[in-house]
Participant: 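Below is the structure I would like to discuss, written out as structure tokens.
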Protein chains: 2
Amino acid sequence: MAVNKKTEFTELDQKLADMSKAMSHPARIAILRVLAERNTCICGEIVEVMPLAQATVSQHLKELMGAGLIKGTIDGKKSCYCINWEAFKEFNSDFNTLFGDLQTASSNQSCC
Amino acid sequence: MAVNKKTEFTELDQKLADMSKAMSHPARIAILRVLAERNTCICGEIVEVMPLAQATVSQHLKELMGAGLIKGTIDGKKSCYCINWEAFKEFNSDFNTLFGDLQTASSNQSCC
DNA sequence: TTTTATTATCGTATATTTACGATATATAAT
DNA sequence: ATTATATATCGTAAATATACGATAATAAAA
């Protein structure tokens, strides 16, 4: 049991699900807000603002990296993260396409 | 350890995260597509189309219900599900607002 | 070179998710 | 009334996610 069946769905739906998963924790959305607010990329400043331990923030950053939503470079003693706008816009567009698909597929009326 | 810290974030970010979580499995996105495709609400037909057991599909439907993205009524022997368009449009709009917030907060340029 | 500061990773505990078979429940059909 | 069908729920196993302290790794500062 508990075998992974995710690969049995379309590439697009897997991609949408992966992006959604990256956004499925409020800490990660908050991190994106912090990254967007400051044009200069910070890192340790995120930890200060978050109600989470440094290790946990690092783990969330890693997930956002894995999904491609942020980029990072190690810059001396500090490391620098920022939003990957290309990936982000693609995500936004894929999502709006999904909404569009769903709405045009149906008559946009609920039957129950 | 592993205490739930999700409530320490803003209501909006929690809401966005919850909606994202509902969309974070390709099976659930596929279910939404099926529901949108057929104007008449089905249920067992979903199971036929999915590479998952009936119990698992039922579980995914419950999650979509919990997030408010779909509505359901028990209609005799069968039960009837359909997309909750009001909630869905709100989700779409909240998401686009987030994208907008992030983009206007920054100069929309990555520094790394 | 030693110390200090920043961040990543490891180990670990706990919580949650995913998946299914078995079973309960409830209606329709016979 | 009995049988068949549809769906939800229970129990459970395995996988993932969340969270943190401790520690490693790395570079700047002293």
Participant: Looking only at non-hydrogen atoms, find the nearest pair between A:Ile83 and A:Leu32 and report the distance.
Facilitator: CD1-O, 3.6 Å
Participant: Need to verify one output field. Residue with the more 5' nearest nucleotide on DNA chain D, A:Leu52 or B:Val47?
Facilitator: B:Val47
Participant: Where along residues 5-14 of chain A does a heavy atom come under 4.0 Å from DNA chain D, residue by residue in number order?
Facilitator: none
Participant: Which residues within residues 16-32 of chain B lie with some heavy atom under 4.0 Å of an atom in DNA chain C?
Facilitator: B:Lys21, B:His25, B:Arg28
Participant: For residues 20-30 of chain A, tabulate all N or O donor-acceptor pairs below 3.5 Å that involve a side-chain atom, not counting sequence neighbours.
Facilitator:
{"residue": "A:Ser20", "atom": "OG", "partner": "A:Leu16", "partner atom": "O", "Å": "2.8"}
{"residue": "A:Ser24", "atom": "OG", "partner": "A:Lys21", "partner atom": "O", "Å": "2.7"}
{"residue": "A:His25", "atom": "ND1", "partner": "A:Ala27", "partner atom": "N", "Å": "3.0"}
{"residue": "A:Arg28", "atom": "NE", "partner": "A:Ala22", "partner atom": "O", "Å": "2.8"}
{"residue": "A:Arg28", "atom": "NH1", "partner": "A:His60", "partner atom": "ND1", "Å": "2.9"}
{"residue": "A:Arg28", "atom": "NH2", "partner": "A:Lys21", "partner atom": "O", "Å": "3.1"}

Participant: Among the nucleotides D:dT16, D:dA8, C:dA8, which one has an atom lying closest to any side-chain atom of B:Tyr81?
Facilitator: D:dA8
Participant: Can you name the residues that form a side-chain hydrogen bond (donor to acceptor under 3.5 Å, both in side chains) with B:Glu90, not counting sequence neighbours?
Facilitator: B:Lys15
Participant: With sequence neighbours excluded, tell me which residues meet ring-ring contact (aromatic ring centres under 6.0 Å, His included) with B:Phe9.
Facilitator: none
Participant: In residues 53-65 of chain B, which ones come under 4.0 Å of DNA chain C, going by heavy atoms?
Facilitator: B:Ala53, B:Ala55, B:Thr56, B:Gln59, B:His60, B:Glu63
Participant: Taking only residues two or more places apart in sequence, or in another chain, which ones meet B:Asp18 in a salt bridge (charged side-chain N to carboxylate O under 4.0 Å, His left out)?
Facilitator: none
Participant: Suppose we screen for side-chain contact (heavy atoms from CB on, under 4.5 Å). Which residues come up paired with A:Thr10, at least two apart in sequence or across chains?
Facilitator: A:Leu12, A:Asp13
Participant: Any side-chain heavy atom of B:Leu98 within less than 4.5 Å of one from A:Arg33?
Facilitator: yes
Participant: For A:Asn84, what residues pass the side-chain hydrogen bond (donor to acceptor under 3.5 Å, both in side chains) criterion, not counting sequence neighbours?
Facilitator: none
Participant: Tell me if the NZ atom of A:Lys6 is crowded by more than 12 foreign heavy atoms within 6.0 Å.
Facilitator: yes
Participant: Just to verify, what does A:Asn96 make a side-chain hydrogen bond (donor to acceptor under 3.5 Å, both in side chains) with, not counting sequence neighbours?
Facilitator: A:Asn92, B:Asn96
